[in-house]
Amino acid sequence: GNGALLLEIAQKNLDKKIAAPATFNMEMHGCAAKAAVLLGKPDAALAEATIAVDAWHKQSGVRARRNEVVLDLLLSQIAAGSGRPEDAIRLGEAAAHIAVETFGENSLARIRSDDQRAALLETIERFAEARELREGSLKATRANFGGRDLHTAQSEALLGAHLQRTGNY
């Protein structure tokens with residue numbers, strides 16, 4: 001499938017040891033991590049994502065921060081799938097922090113980070129914290145996209161599903 005092809009492309013390009021641009025190998029490690037997640041290989045995904053996020057952390061600029069957010073969320077997903085919800089939440093918090101600092105309080109990167117973290121909190125029945133994140137995500141989505149946008153409708157649906165699940169209206 002797509003995961004196998006993505007992993008093959010990433011590995012072939014990493015094997016070439018391309019020196020310029022310096023970010024090329026970081027991108028390929030990130031691609032390899034995503035492919036490993038798709039293929040159900042969490043150990044390989046963790047190794048590749050860690051290499052990539054550590055390398056992006058040393059870079060400056062918006063592109064580096066965007067990649068850090070994406071990779072922290074991927075690492076969070078890997079941790080959650082490996083039965084480490086507290087690590088997953090911590091990584092989601094790190095992604096949200098970078099997103100707010102770099103892209104702003106109402107950025108899509110922050111909204112995605114909070115939505116992923118809220119879902120994790122719900123799975124471990126920390127509903128009050130999840131609700132707070134869902135409400136903040138909806139507020140940010142409305143501020144960013146307005147009241148008549150698909151993103152806003154999705155945030156409303158996630159909050160509604162949360163409230164229905166908890167029975168706390």
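- Salt-bridge annotation for Arg63 and Glu27: present, with a side-chain N of the basic residue lying under 4.0 Å from a carboxylate O of the acidic one.
- The existence of a salt bridge linking Arg131 and Glu135 is confirmed by a sub-4.0 Å separation between a basic side-chain nitrogen and an acidic carboxylate oxygen.
- Relative ring orientation between Phe145 and His151 is described as parallel, the plane-to-plane angle staying below 30° on a 0-90° scale split at 30° and 60°.
- Linking ILVMFWY residues whenever their side-chain heavy atoms come closer than 4.5 Å, directly or via other members, leaves Leu120 and Ile98 in distinct clusters.
- Asp115 and Ser137 share a side-chain donor-acceptor pair at under 3.5 Å.
- When all heavy atoms of Ala99 and Ser107 are compared, the pair lying nearest together is O-OG, 3.8 Å.
- Summarising the geometry of Ala143 relative to Asn106, their closest heavy-atom pair is CB-ND2, 3.4 Å, with the distance given to 0.1 Å.
- Distance check: Trp56 CH2 to Arg65 CZ gives 9.0 Å after rounding to the nearest 0.5 Å.
- Of all non-hydrogen atoms in Leu91 and Ala79, the two that sit nearest each other are CD1-CB, 4.4 Å.
- Transitive grouping of hydrophobic side chains (ILVMFWY, heavy atoms separated by less than 4.5 Å) keeps Val69 and Leu71 in distinct clusters.
- For the atom pair CZ (Arg117) and CD (Glu132), the distance works out to 9.5 Å, reported to the nearest 0.5 Å.
- Residues Ser113 and Gly92 share a closest heavy-atom pair of CB-O, 4.0 Å.
- Listed for the Asn25 side chain is a donor-acceptor partner under 3.5 Å among the backbone atoms of Ile18.
- Contact between Ala130 and Glu122 at its shortest, heavy atoms only, is CB-CG, 3.6 Å.
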Under 3.5 Å, sequence neighbours excluded: what are the donor-acceptor pairs made by side chains of residues 30-52?
residue: Glu48; atom: OE1; partner: His29; partner atom: ND1; Å: 2.4
residue: Thr50; atom: OG1; partner: Leu46; partner atom: O; Å: 2.7

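- The closest side-chain heavy-atom distance from Thr152 to Asn144 is not below 4.5 Å.
- Separation of atoms CD (Gln59) and OG1 (Thr23) is listed at 7.0 Å; rounding is to 0.5 Å.
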